[in-house]
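Residue numbers start from 1 in every chain, and the chains themselves are labelled A, B, ... in the order their sequence lines are given, proteins ahead of strands.
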There are 2 protein chains.
Amino acid sequence: MSGRETAEHPPAPAPAPAPARGSLSRDVVLAGAVELADRIGVDALTIRRLADHLGAKPMTIYHYVANKEDIIDGMVGRVFDEITRPPLDLPWKAAIRMRAESAREVLRRHPWAPPLMESRTNPDPSILGHHEAVLAVWFQAGFPLELIAHAGAVLDAFLYGFALQEAALPFGEREGDLSEIADQLITPMSPDEYPHMVRFAGEYVMQPGYDFGRSFDFGLDLILDGLEAAAAR
Amino acid sequence: MSGRETAEHPPAPAPAPAPARGSLSRDVVLAGAVELADRIGVDALTIRRLADHLGAKPMTIYHYVANKEDIIDGMVGRVFDEITRPPLDLPWKAAIRMRAESAREVLRRHPWAPPLMESRTNPDPSILGHHEAVLAVWFQAGFPLELIAHAGAVLDAFLYGFALQEAALPFGEREGDLSEIADQLITPMSPDEYPHMVRFAGEYVMQPGYDFGRSFDFGLDLILDGLEAAAAR
DNA sequence: GGCGCTTTTCGTACTAAGTACGATGCGGTA
DNA sequence: TACCGCATCGTACTTAGTACGAAAAGCGCC
C-alpha cells in the first residue's frame, strides 16, 4: 500500500554478488538500501532482501545499523546529500532555483523519498546542513524573518508536493509522454460522470508532447516571482 | 517508520465496544479505520487493532474489505469526501480558495493521509469526483488547457506538501506555539555549525505568537495571485 | 608459528502482522 | 421446526523485524 513502490511486491530480489569479510560498512549498507529502494520501492525493502542485495545475511546488517528506522534515516540523509545546496555567491533567486531544480531531479530518482524527508525525528547532519544552507541564502538576501519562514515553507511544500505527484505518475509518464497508460486510466471513466476529466485527458494530457514536468518550471517561476514581489514590498 | 504516526507504536489499542450481529458494514469499518489512524497513525493501524477497535475479530473485517490495500483506498476516499468541493457559483478564486482551506483543515485532522492521497492506483469515485469538481472550476473560468494543468499541479503540490510538513511538526506546534518542544530540537544544535538555524529558531519560531499555519495563507495567496496574473496574460 | 582478543558474520528462534481456509452459529423462511 | 445463507470467527501459514548468542576470520604478541 501507500503506493510508493516502483513495482509490485516481490520483484526480482536482486542476485547476490560476492560476500567478503571487510566489504561492508554503514555507508555501503545505506547506499545499497537506496539503490534497492529505487528499484523495488521502500515498502518492498526488507532486511532480508537488502541482505541478499548486499551478498550478506540478514543479521549482518545489524552490525552497521541499529534497526530499520535507522536505515531509513540514513537513506533520507543520503538523498539530502544528493541535492545541490544553494551557493551563497549567486543572487538568491538563482541560488534557490538551482537548489529547487536539483531537488526535483533527485526526488525523481528516489520517488520513495518525499513522504519520508520531512518526517525524520532524528535528523542527521545532512538534513540539518541542507536546511542551514538554504536559510543562509534567505538571510543574506536580507529577507525579514517572517518572509523567510513563509518562503521556506511554501517552496518546500511545492517541492515535496510536486515530487509526491510525480512519484504517483504511471511510470513512463515520468519522462516524456504517456498516451497509452493514461488511456487505460481514462477509458473506464464515463464522460457523463466525469466530463471535464475526460475532456482534459483527451485534449491535453494524451497529446503527443505532453510533459508533466513543465508544470514544475511554471510553479517554480510563479513562487520565486511571488517571493521577489513580497520581498520588495 | 516513515513517521506518519501520531504516537509511537503500541499506543492504547482502544477498548473493545460491544460486538453485535448486524452492526458492521464496509462504511463502519472504514470509518473506524480512519478514526484509529487519526489516533495511532497508519503505520500502527493493523487489522488486529482495527478489529479490537470495532469490537470484532480480525477475520471478520475481511467480510467487508478485500485486504488492507482496499482499506487504505477506502480511507483515502473518505478523506477526499471530507474536503469541500469548489462551488461553481463563485468566482474561481473564491471557489478554489474555499477548497484549499478545507483541504488544509481536513489534512490536519488526518495527518497520515497526504502521502497516500496521490498514490492510489484504484481511485474510487470520491477521488475522481473531487478532481472533476476542481477541473470544472478551471474550465468555467476559461483557463486555457495548459494553464489548467499548471494550476492544478502547483496548487495540489502546495496542498500536499504543506500538509506533509504540518504532519511532521512536533504536535503542539500544530496548533498554537511550541517553544519548549522546538527548544529541545534546537538546543543540541551547535550555533557554530548551524548559526542561521539557531538564530531563526530563537528569534522567530520560538517567539510567543508563532504559528506555522500563517505560511499557508501566505502561500495560498501567492499562488492564487500568480495564477490570476498568468490567466490575465 | 601459535594463541587469544576483537571484530564481523551469521544461525536460530521469537513476536507481530496479513490473510487463506474452512468451521460455526445466528436469523429468518418455508 | 427443519433448513439455508450470511456473518462471524478459530486456526494456521507466511513474511518481516530483530534479540541472543555462537562461530569464524583477521591481528598482534609471545
Does the pair A:R109/A:E82 count as a salt bridge with the N-to-O cut at 4.0 Å?
yes
Mutual orientation of the aromatic rings belonging to A:F162 and A:F216 [parallel < 30°, tilted 30-60°, perpendicular > 60°]:
perpendicular
Would you mind reading off the distance between A:R48 atom CZ and C:dC10 atom C1', rounded to a whole angstrom?
13 Å
Separation of D:dT18 atom P from A:L45 atom CG, nearest Å, is 12 Å
Between B:S126 and B:D124, is there a side-chain donor-acceptor contact under 3.5 Å, judged purely by atom types and distance?
yes
Spacing between B:D43 atom CG and C:dG18 atom P, to the nearest angstrom:
11 Å
Rounded distance in Å - CZ (B:R49) to C1' (C:dT15)
13 Å
Mind calculating the distance between CD1 (B:I47) and C1' (D:dT8) to the nearest angstrom?
15 Å
Polar pairs (N or O, both sides) under 3.5 Å between protein and nucleotides 6-9 of chain C?
unit_1 : atom_1 : unit_2 : atom_2 : d
C:dT7  : O2     : A:R21  : NH2    : 2.7
C:dT8  : OP2    : A:H63  : NE2    : 3.1
C:dT8  : O4'    : A:R21  : NH2    : 3.1
C:dT8  : O3'    : A:R21  : O      : 3.3
C:dT9  : OP1    : A:R21  : O      : 2.4
C:dT9  : OP2    : A:Y64  : OH     : 2.5

Output yes when B:R78 and B:E35 qualify as a salt bridge under the 4.0 Å nitrogen-oxygen rule, no when they do not.
no
Ring centers of B:F80, B:H131 separated by less than 6.0 Å
yes
Does this structure show an ion pair linking B:E132 with A:R199, if we count only N-O contacts that are shorter than 4.0 Å?
no
Without decimals, in angstroms, what is the distance between A:I61 CD1 and D:dC20 P?
19 Å
Measure from CD1 on A:I71 to P on D:dA16 and round the result to the nearest Å.
14 Å
My understanding is that only one of B:N122, B:I127, B:N67 makes a side chain to side chain contact (heavy atoms under 4.5 Å, CB included) with B:D73; could you say which?
B:N122
With a 4.0 Å cut-off on N to O distance, would you call B:R26 and B:D70 a salt bridge?
yes
Do the side chains of A:D156 and A:R99 get close enough for a salt bridge, i.e. N-O under 4.0 angstrom?
yes
Output the rounded distance in Å from CG (B:L54) to C1' (D:dT8).
13 Å
Taking five pairs at each end of the helix from C:dG1-D:dC30 to C:dA30-D:dT1, what angle separates the two helix axes (nearest 10°)?
20°
